[in-house]
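For reference, the structure is listed below as structure tokens.
Order of the sequence lines fixes the chain letters, A, B, ..., with proteins taken first and strands second; residue numbering starts at 1 for each chain.
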Amino acid sequence: MIKAITGTKDILPEDINKWNKVEAIVRNVMNNFNYKEIRTPVFEETALFSRGIGEATDIVSKEMYTFVDRSETSVTLKPEMTASVVRAFIEHSLGKKYGLNKLFYISPMFRQERPQAGRFRQFHQFGAEALGSDNPMLDAEMIITSYKVMTELGLKNLAVKINSLGIPSSRENYKKVLKEYLSDKFDQLSEDSQKRFETNILRIFDSKVEGDQKIMNEAPVLLDYLDEESKEKFEQVTSLLDGIKIPYEVDPKLVRGLDYYTHTTFEILSGSVGSQSALCGGGRYNLLVEQLGGAQTPGVGFAAGIERILLACENENSLTLPEESIDIYVVRLDKELTQKANEIAVTFRNANLSTELDYTQRSVKAQMREANRLNAKYTLIIGGEEYERGEVVLKEMKLGEQKIFKLNSLPDIISAIKSV
RNA sequence: GUGGGUGUAGCUCAGCCUGGUUAGAGCGUCUGGUUGUGGCCCAGAAGGUCGUGGGUUCAAGUCCCAUCACUCACCCCA
């Protein structure tokens with residue numbers, strides 16, 4: 001039996017309403033904040049991601065779905081969306097058309113990692129990017145909008161963490177300080193963290209090993225080494241959040257894996273999912289556009305994982321979905337009436353009523369059972385003596401009441417159903 | 001890439017430890033409970049190469065090995 005590729009999932013009809021609800025809320029929130037939807041191809045030239053995300057990151061060095069196509073071009077299924085959005089921004093000169101571009105997306109992403117709770121090889125993100133302004137209002141807006149989506153989905157067990165990575169020069173200075181602090185404690189670090197000491201020292205803060213955490217709790221903190229302007233910007237972001245009463249926690253240990261971040265970084269974590277608890281992550285990237293060959297353009301954005309959000313919703317039982325139902329089920333008493341039943345059903349459907357009927361010549365009892373199973377509000381029963389008199393029976397399922405209508409008065413039936 | 005757990009009907013699982021005649025339950029599905037009517041109830045039916053391959057044994061769903069898949073955690077991230 002051929003099965004779905006490891007780490008990919010079918011979204012079945014029984015699940016689709018949850019997805020549609022999340023997407024509807026995302027579109028609504030982003031629309032209220034005047035973000036415009038953008039869609040980019042699922043695959044790009046590999047160089048876009050290796051340059052944009054950073055050659056040394058895990059995503060680029062070991063997680064990308066990369067293949068050479070028939071024209072010998074190395075292409076990659078997008079592992080995240082920011083690089084693609086920035087590429088489109090540059091390619092279509094959006095920066096010249098509008099001073100500020102506020103964009104959002106909902107899209108599948110691909111990373112070849114080992115799947116676990118809340119982590120898949122094809123997963124879905126929604127996110128936003130604001131290109132063309134360095135104003136901290138937009139940094140705050142990233143948190144406000146993503147947090148808003150989650151609270152509208154009824155999520156409670158959330159934590160917003162925020163930090164600033166400043167500008168590259170202060171970060172480099174700080175790395176030296178950190179390196180010095182850790183150099184005499186190197187032997188006490190875990191094996192993984194010893195590797196990180198060389199590859200990306202900041203990420204030792206992420207370590208879940210208790211010994212590492214002890215050491216890092218005492219470590220000097222990047223926030224103390226920021227330049228004045230970065231500090232000021234950071235304060236503006238937090239005071240904007242204070243103004244809107246979004247609860248957050250400054251976490252000097254929050255470092256993020258992608259190379260392109262400058263200044264603000266943030267995450268929204270859920271306590272209701274497994275160990276992959278980051279529902280959303282983002283930050284400012286003032287150097288990325290230039291790095292990808294565009295004009296110097298500040299940017300800020302976020303990405304949120306829809307599967308993780310849905311997992312949190314399920315664990316918190318926060319999603320209320322409307323009960324599924326159809327308007328009317330057309331029952332026929334004998335199979336000679338198949339054509340008539342079909343005509344009536346089409347008439348209802350053309351009148352914008354959701355209508356179903358039997359396709360397997362089943363008994364009346366079976367048809368009624370089916371109508372009940374589909375949660376039909378009404379059944380229309382055709383056949384027998386009434387039909388010979390030119391009449392049909394309309395049954396309201398919840399009450400069990402039946403009324404007789406003339407067969408040629410379907411419009412009356414339609415308006416009767418619609419008026420309820 | 002590393003480690004743990006689990007693979008028996010469409011779904012959730014029992015049976016495995018202490019091998020032994022036709023492999024079970026609940027839910028779901030289908031049919032029926034009198035001529036043309038759902039939900040509740042009752043009856044019946046369909047549906048399983050016991051993940052796959054090998055081994056031990058007179059005998060394997062049950063024991064052993066391998067393999068694959070799923071799953072959780074590390075790593076990393078959404």
Less than 4.0 angstrom from a charged side-chain N to a carboxylate O is my criterion; do A:R87 and A:E44 meet it? yes

Closest to the side chain of A:R362, out of B:C76, B:U31, B:U2, is B:U31

Which of B:G38, B:C70, B:C77 is nearest the side chain of A:Q276? It is B:C77

Inset, instruction - For B:U56 versus B:A66, give the span between their C1' atoms, rounded off to a whole number of Å. - result: 15 Å

Checklist entry - Can you find a side chain N or O atom of A:T57 that sits less than 4.0 Å from OP1 or OP2 on B:C76? => result no

note: A:F120, atom CZ; B:A78, atom P; distance rounded to Å ~ 15 Å

Tell me if a side-chain donor or acceptor on A:R111 pairs with a main-chain N or O of A:P79 at a distance below 3.5 Å. yes

CD1 (A:I309) and CZ (A:F126) are apart, to the nearest 0.5 Å, by 4.0 Å

Among B:G36, B:G1, B:U37, the one nearest any side-chain atom of A:Q402 is B:U37

Examine the base of B:C77 for any acceptor or donor lying under 3.5 Å from a partner atom in the side chain of A:R308, and report the outcome as yes or no.
-> yes

Carboxylate-amine/guanidinium contact A:D206 A:R203, below 4.0 Å:
no

Can you tell me how far C1' in B:U35 sits from the matching atom in B:G10, rounded to whole Å? 35 Å

- Message: Please give the distance between the C1' atoms of B:G24 and B:G48 as a whole number of Å.
- Response: 11 Å

*asked:* At 4.0 Å (heavy atoms only), tell me whether A:A371 reaches a base, stays on the sugar-phosphate, or touches nothing.
replied: nothing

Rounded to whole angstrom, note down the P distance from B:U6 over to B:C63.
11 Å

Which of B:U37, B:A78, B:C74 is nearest the side chain of A:D192? It is B:C74

The reported gap from CD in A:E210 to OG in A:S190 (rounded to nearest 0.5 angstrom) is 12.5 Å

Per atom distances to the A:K365 side chain, the nearest of B:U71, B:U31, B:U37 is B:U37

### Query
For A:K9 and B:U71, is the shortest distance between a side-chain N/O and OP1 or OP2 below 4.0 Å?
yes

Closest of B:C75, B:A73, B:U37 to the A:K62 side chain is B:C75

Side-chain contact check for A:V393: nearest option of B:G36, B:U31, B:C77 is B:G36

Of B:C75, B:U31, B:U29, the nucleotide closest to the side chain of A:R373 is B:U29

Expressed in whole Å, how much space separates the P atoms belonging to B:U22 and B:G33?
-> 36 Å

Considering only the C1' atoms, how many Å lie between B:U62 and B:C17, rounded to the nearest integer?
9 Å

Which part of the nucleic acid does A:A376 contact within heavy-atom distance under 4.0 Å: base, sugar-phosphate only, or nothing?
nothing

| query | Does A:K377 come within less than 4.0 Å of A:E396, counting only side-chain N to carboxylate O? | reply | no

- Message: Roughly how many Å apart are B:A9 and B:U34, using the P atom of each and rounding to a whole number?
- Response: 36 Å

Taking B:G36, B:A78, B:G38 as options, the one with an atom nearest any side-chain atom of A:R111 is B:A78

Applying side chain to side chain donor-acceptor pair (under 3.5 Å) to A:T199 and A:R196, what does each step give before you reach the verdict?
CA-CA 5 Å; A:T199 55; A:R196 284 184 277 222; over 6 Å; no

message = In whole Å, measure the gap between the C1' atoms of B:C72 and B:G32 for me.
response = 47 Å

A:K395 NZ to B:G39 C1', in whole Å, measures 10 Å

Rounded to whole Å, CZ of A:R119 lies from P of B:C77 at a distance of 10 Å

Checking B:C30, B:A73, B:A69 against the side chain of A:T6 (C-beta onward), the nearest is B:A69

Report task. Determine: side-chain N/O of A:R114 to OP1/OP2 of B:U71, distance under 4.0 Å, yes or no. Result -> no

Which part of the nucleic acid, if any, lies within contact of A:R332, taking any heavy atom under 4.0 Å across all strands shown: a base, the sugar-phosphate backbone alone, or nothing?
nothing

